[in-house]
Amino acid sequence: MNQCLPVNAKMSKAKKVLDEARETQNRELDLVDKGLVSFEELPGLFNMNYITRLTLSHNKITVISPGIANLLNLEILNLSNNLLTELPVSLSSMPKLRILNCSINRLDNLPRGFGAFPVLEVLDLSYNNLSEKVLPGNFFGMETLRALYLGDNDFEYLPKEIGQLKNLQILGLRDNDLLELPREVGDLVRLRELHIQNNRLQVLPPEVAQLDLLSNKSVMKMEENPWVNPIAEQYLLGISHVIDYLKTETYRIIYNRHMQGGRSGPPPPKADKSKKASRVRA
């Protein structure tokens, strides 16, 4: 009996938060680290459709109930640091959802139609088990997206449709298995942050040089990649030198030769991710 007390105490804490929110009509619900395992421990939650922010991070939730879509006024949903292996289809129908954080989970797929979010601006799917093979067809149809975080996943290639995200300002791709970036990255005219560190990249598309990645508020992180020597040499001098080099005819020739099959030897090896927390299965 004593072993159950801490869990029960956490459950009662969650119920207390719900009860107080109902009494005060509080629009922001904070259920961080309450030991929650399922939505059955949150009775009546989906009737609280005045909620605009719901934080459920640092729990042990494995399944998100489709009923979450009843929260029609929800703008911010934080599901990070749980044990989620999938998301409900209904999630992308939420009319006011602007920020969705599903980082640090165990997702190895996304539901069909996931790109249908009408007003989503920030999507964090970092530290999961996702790859280009599991992205639904309309994933890059989220025209309102300003920030997309896909770091710490299993991407080897980024679909060329990435170029459709015309409002994207931040693209996080660090710690994947990326072998190349599509030339369409150059279509992201509003991009100000590009994080591609710790991948398997040897070259960059020349179109990257079209982006505004050198201003005071811009960020480009590209360390820990097996770059071809000319890029590696320029990187030692600074990002601005890399960008200038990408604009040269010399580099264009190197890039084209590389992409047409002139890669020297086999692709760089993948990092061992077998011990990632997202790979653990209960």
Side-chain angles (χ1 to χ4, degrees), residues 6-107 110-111 114-130 142 144-153 169-170 172 276-278 280 282:
V7 175
N8 289 338
K10 285 188 174 183
M11 282 174 62
S12 63
K13 279 184 187 176
K15 187 175 183 304
K16 184 180 178 185
V17 171
L18 280 179
D19 291 342
E20 287 176 356
R22 284 192 197 96
E23 286 175 23
T24 61
Q25 293 285 292
N26 190 347
R27 294 183 181 184
E28 300 188 357
L29 204 51
D30 185 346
L31 293 164
V32 176
D33 195 19
K34 293 289 188 285
L36 299 169
V37 174
S38 89
F39 278 82
E40 291 177 6
E41 299 165 45
L42 301 170
L45 171 64
F46 299 145
N47 296 325
M48 300 168 69
N49 58 14
Y50 48 85
I51 293 174
T52 59
R53 179 198 290 257
L54 176 58
T55 305
L56 288 163
S57 55
H58 294 272
N59 284 291
K60 295 180 180 178
I61 300 168
T62 55
V63 176
I64 300 297
S65 169
I68 199 160
N70 292 342
L71 301 176
L72 297 178
N73 288 296
L74 200 65
E75 297 177 20
I76 301 171
L77 176 58
N78 188 341
L79 300 168
S80 67
N81 223 315
N82 276 282
L83 303 175
L84 301 175
T85 55
E86 61 182 10
L87 298 172
V89 174
S90 62
L91 205 57
S92 58
S93 68
M94 300 182 75
K96 295 186 179 180
L97 196 65
R98 293 185 298 104
I99 299 174
L100 175 60
N101 187 345
C102 297
S103 64
I104 318 178
N105 276 287
R106 298 178 180 181
L107 299 173
L110 293 173
F114 188 75
F117 291 96
V119 296
L120 197 67
E121 296 177 19
V122 178
L123 175 59
D124 192 343
L125 293 169
S126 53
Y127 211 93
N128 281 287
N129 303 317
L130 301 170
M142 294 181 273
T144 53
L145 215 55
R146 292 187 297 109
L148 175 59
Y149 299 98
L150 296 173
D152 265 304
N153 278 288
Q169 297 172 27
I170 301 172
K276 262 181 74 175
S278 61
V280 177

Atom pair [atom1]/[atom2] of [X] and [Y] - distance to nearest 0.5 Å:
X      : Y      : atom1 : atom2 : answer
Leu120 : Thr144 : CG    : OG1   : 6.0 Å
Arg106 : Asn129 : CZ    : CG    : 9.0 Å
Ile170 : Leu148 : CD1   : CG    : 10.5 Å
Ser126 : Asn153 : OG    : CG    : 7.5 Å
Leu72  : Tyr50  : CG    : OH    : 14.0 Å
Glu121 : Ile99  : CD    : CD1   : 7.0 Å

Residue pair [X] / [Y], side-chain heavy-atom distance below 4.5 Å:
X      : Y      : value
Val17  : Asp30  : no
Thr52  : Glu28  : yes
Leu91  : Leu100 : yes
Ser80  : Asp124 : no
Asn47  : Asn70  : no
Ile76  : Arg98  : yes
Leu110 : Leu87  : yes
Tyr149 : Val122 : yes

Greater than 12 external heavy atoms within 6.0 Å of Gln25's CD: yes

Side chain to side chain donor-acceptor pair (under 3.5 Å) involving Arg53 - partner list, sequence neighbours excluded: none

Thr24 side chain to Asn26 side chain, donor-acceptor N/O pair below 3.5 angstrom: no

Minimum heavy-atom separation for [X] to [Y], with atom names?
X      : Y      : answer
Ser92  : Pro118 : O-CD, 3.7 Å
Ser103 : Asn128 : CA-ND2, 4.1 Å
Met142 : Leu123 : CE-CD2, 3.8 Å
Ile68  : Leu77  : CD1-CD2, 3.8 Å
Pro66  : Pro88  : CA-CB, 4.0 Å
Leu71  : Met94  : O-CE, 3.5 Å

Full working for side chain to side chain contact (heavy atoms under 4.5 Å, CB included) between Asp33 and Asn81: CA-CA 10 Å; Asp33 195 19; Asn81 223 315; over 6 Å; no

Asp19/Lys16 ion pair, N-O < 4.0 Å: no

Expected output: side-chain Asn73 to main-chain Ile51 donor-acceptor under 3.5 Å: no

Candidate pair Leu42 and Leu56, rule side chain to side chain contact (heavy atoms under 4.5 Å, CB included), full reasoning: CA-CA 11 Å; Leu42 301 170; Leu56 288 163; 4.1 Å; yes

Asn105/Tyr127 under side chain to side chain contact (heavy atoms under 4.5 Å, CB included): CA gap, chis, key distance, verdict: CA-CA 7 Å; Asn105 276 287; Tyr127 211 93; over 6 Å; no

Derivation of the side chain to side chain contact (heavy atoms under 4.5 Å, CB included) call for Met48 and Leu18: CA-CA 9 Å; Met48 300 168 69; Leu18 280 179; 3.8 Å; yes

Partner of His58 by side-chain contact (heavy atoms from CB on, under 4.5 Å), out of Ile104, Val32, Asn82: Val32

